[in-house]
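Just below is one structure, and these are the notes that go with it.
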Amino acid sequence: MRIRQVHPWDVSVEEAVDLQLRLAARAQKAAPFRGRVRRVAGADLAYDKRGDRIWAAVVLFSYPDLQRIEEVVDTCRVHFPYIPGLFSFREAPPILDCLERLRSRPDVIMLDAHGIAHPRRFGLASHVGLLASLPSIGCAKSRLVGAHETVPSAKGGQAPVYYNHSKVGTALRTRAGVRPVYVSPGYRLSVGSATAMVLACAHGHRIPEPIRAAHDLANRARRLRSIQIAEM
DNA sequence: GCGACAG
DNA sequence: ATCTTGTCGC
């Protein structure tokens with residue numbers, strides 16, 4: 001699929017924040033998914049111990065039966081610093097490269113990150129979704145912003161996450177006895193449909209299958225170090 | 001000024 | 001995120 005080249009990535013921290021403020025406006029339409037979801041992609045990354053190279057992986061699954069269809073990995077060096085709230089400037093490039101090389105188009109992509117549950121309502125999931133013109137979901141392992149009540153302990157238990165007087169996501173128990181994950185729509189999705197899709201992809205593990213598979217693939221690629229794709 | 005703070 | 005072995009529990 002084609003990726004839009006909207007802005008450069010070698011920007012300063014100030015420019016990055018400015019870009020988020022400007023791009024966020026395009027990622028705030030909360031629409032429930034239209035039609036049938038047939039393919040869901042999961043994306044995640046692995047870092048080397050020095051923290052200057054990352055491996056990105058995208059794994060495509062059929063939905064809702066979750067059969068593995070296709071997978072892509074990419075690697076590149078990172079220069080942008082680790083700053084909560086600015087992940088996309090480190091992680092989006094290699095993920096977008098993977099998406100660009102994907103043969104069949106996903107209906108939605110879920111990432112180990114936040115969507116609009118972000119200081120400027122434009123987390124990594126939103127950024128990737130916007131540039132790829134693909135509905136996206138952020139499913140993070142911990143909270144970045146917002147607050148919520150106690151999450152029911154059974155699988156499927158949830159509590160809305162509020163930030164600045166608006167609902168930005170869901171704290172969702174994907175399995176009994178584990179900490180909830182934080183689901184927030186990234187691009188062109190509603191909190192409800194994003195939450196439903198994550199729960200539908202929870203197969204006995206805290207992390208939904210597409211992201212789990214991408215996490216595993218990224219780590220395997222890192223250990224092998226055999227796929228050193230062109231750097232940019 | 002002091003915490004909080006995705007991966 | 002990554003560095004690390006075994007170990008307690010379903």
Side-chain angles (χ1 to χ4, degrees), chain A residues 9 13 16-17 19-20 23-24 27 42-58 73-96 98 109-130 136-148 153-155 161-164 168-187 191 194-195 198 202-208 210-225:
Chain A
W9 293 103
V13 170
V17 170
L19 272 170
Q20 291 184 325
L23 298 174
D44 196 23
L45 304 97
Y47 284 73
D48 70 346
K49 58 183 175 185
R50 293 181 52 184
D52 57 3
R53 175 169 288 279
I54 51 182
W55 280 263
V58 169
V73 296
D74 184 45
T75 183
C76 69
R77 303 216 325 179
V78 289
H79 296 103
F80 202 87
Y82 167 82
I83 299 174
L86 295 176
F87 277 17
S88 57
F89 293 88
R90 286 167 70 81
E91 311 193 336
I95 292 175
L96 291 170
C98 287
I109 180 172
M110 50 179 72
L111 307 91
D112 188 349
H114 284 289
I116 64 171
H118 176 277
R120 292 166 289 282
R121 299 181 69 99
F122 197 70
L124 172 63
S126 303
H127 209 147
V128 168
L130 173 65
S136 64
I137 299 172
C139 179
K141 297 184 295 298
S142 63
R143 187 192 64 88
L144 175 58
V145 298
H148 64 82
S153 55
K155 176 180 181 180
V161 176
Y162 286 94
Y163 182 57
N164 287 339
V168 296
T170 306
L172 174 69
R173 194 87 63 181
T174 48
R175 175 190 168 167
V178 300
R179 286 180 303 146
V181 293
Y182 292 81
V183 182
S184 60
Y187 184 62
V191 170
T195 303
V198 168
H203 278 201
H205 295 280
R206 180 163 92 112
I207 306 304
I211 292 177
R212 254 191 110 235
H215 181 83
D216 185 58
L217 179 57
N219 273 116
R220 275 183 293 158
R222 179 191 55 157
R223 290 195 295 263
L224 289 176
R225 293 211 159 211

| field | Integer-rounded Å distance: C:dC10 P and A:K155 NZ | value | 19 Å

| said: I'd like to know if A:R222 pairs up with A:D48 as an ion pair, taking the criterion as any Lys NZ or Arg NE/NH1/NH2 lying under 4.0 Å from an Asp or Glu carboxylate oxygen. | reply: no

| task | Can you tell me the distance, in whole Å, between the NE2 atom of A:H118 and the C1' atom of B:dA4? | result | 14 Å

| query | What nucleic acid atoms does A:R143 come within less than 4.0 Å of, heavy atoms only: base, sugar-phosphate, or nothing? | reply | sugar-phosphate

| query | A:Y163 has an atom OH; how far is it from atom P of B:dA4, in whole Å? | reply | 16 Å

| remark: Atom CZ of A:F89 and atom P of B:dG7 are separated, to the nearest Å, by 18 Å

| query | Ring stacking, A:F87 with base of B:dA6, under 5.5 Å and under 30°? | reply | yes

| task | Classify the ring geometry between A:H127 and A:F89 as parallel (under 30°), tilted (30 to 60°) or perpendicular (over 60°). | result | perpendicular

| field | Sugar-phosphate only, base, or nothing, as touched by A:A117 at under 4.0 Å among non-hydrogen atoms | value | nothing

| message | Tell me whether the side-chain N/O atoms of A:K49 come closer than 4.0 Å to OP1 or OP2 in C:dA1. | response | no

| query | Strictly under 6.0 Å, is that where the ring centroids of A:F87 and A:H114 end up? | reply | no

| Selection from C:dT2, B:dG7, B:dA4 that lies nearest to any side-chain heavy atom of A:R90 | B:dG7

| query | Whole Å only: how far is the OH atom of A:Y47 from the P atom of B:dA6? | reply | 12 Å

| said: Does a side-chain N or O of A:S142 approach OP1 or OP2 of B:dC5 to a distance below 4.0 Å, or not? | reply: no

| task | With the side chain of A:R222 defined as its heavy atoms from C-beta on, choose the nearest nucleotide among B:dC5, B:dG7, C:dT2. | result | C:dT2

| said: Any base atoms under 4.0 Å from A:G138, or only sugar-phosphate, or nothing? Heavy atoms, all strands. | reply: nothing

| Are A:S126 and A:R121 linked by a side-chain donor-acceptor pair shorter than 3.5 Å? | no

| said: Tell me whether the side-chain N/O atoms of A:Y82 come closer than 4.0 Å to OP1 or OP2 in B:dA6. | reply: yes

| field | Neighbour count >12 (heavy atoms, 6.0 Å) for atom CZ, A:R175 | value | no

| task | Round to a whole Å and report the spacing from CD1 of A:I211 to P of B:dG7. | result | 10 Å

| task | Under 4.0 Å between any heavy atoms, over every strand shown, what does A:L124 touch: base, sugar-phosphate, or nothing? Just pick one. | result | base

| field | Rounded interatomic separation in angstrom, taking CZ from A:R220 and P from C:dT2 | value | 15 Å

| task | Report which part of the nucleic acid A:N219 touches: base, sugar-phosphate, or nothing (heavy-atom distance under 4.0 Å, all strands). | result | sugar-phosphate

| query | CD1 of A:I137 versus P of B:dA6: gap in Å, rounded? | reply | 21 Å

| query | Between B:dA6, C:dA1, B:dG7, which nucleotide gets closest to the side-chain atoms of A:H215? | reply | C:dA1

| Can you tell me if the side-chain N/O atoms of A:R50 get under 4.0 Å from OP1 or OP2 in C:dA1? | no

| query | When we call it a touch if two heavy atoms are under 4.0 Å apart, what does A:L86 touch: a base, just sugar-phosphate, or nothing? | reply | base

| message | Does any part of the side chain of A:R173, heavy atoms only, come nearer than 4.5 Å to the side chain of A:K155, both counted from C-beta? | response | no

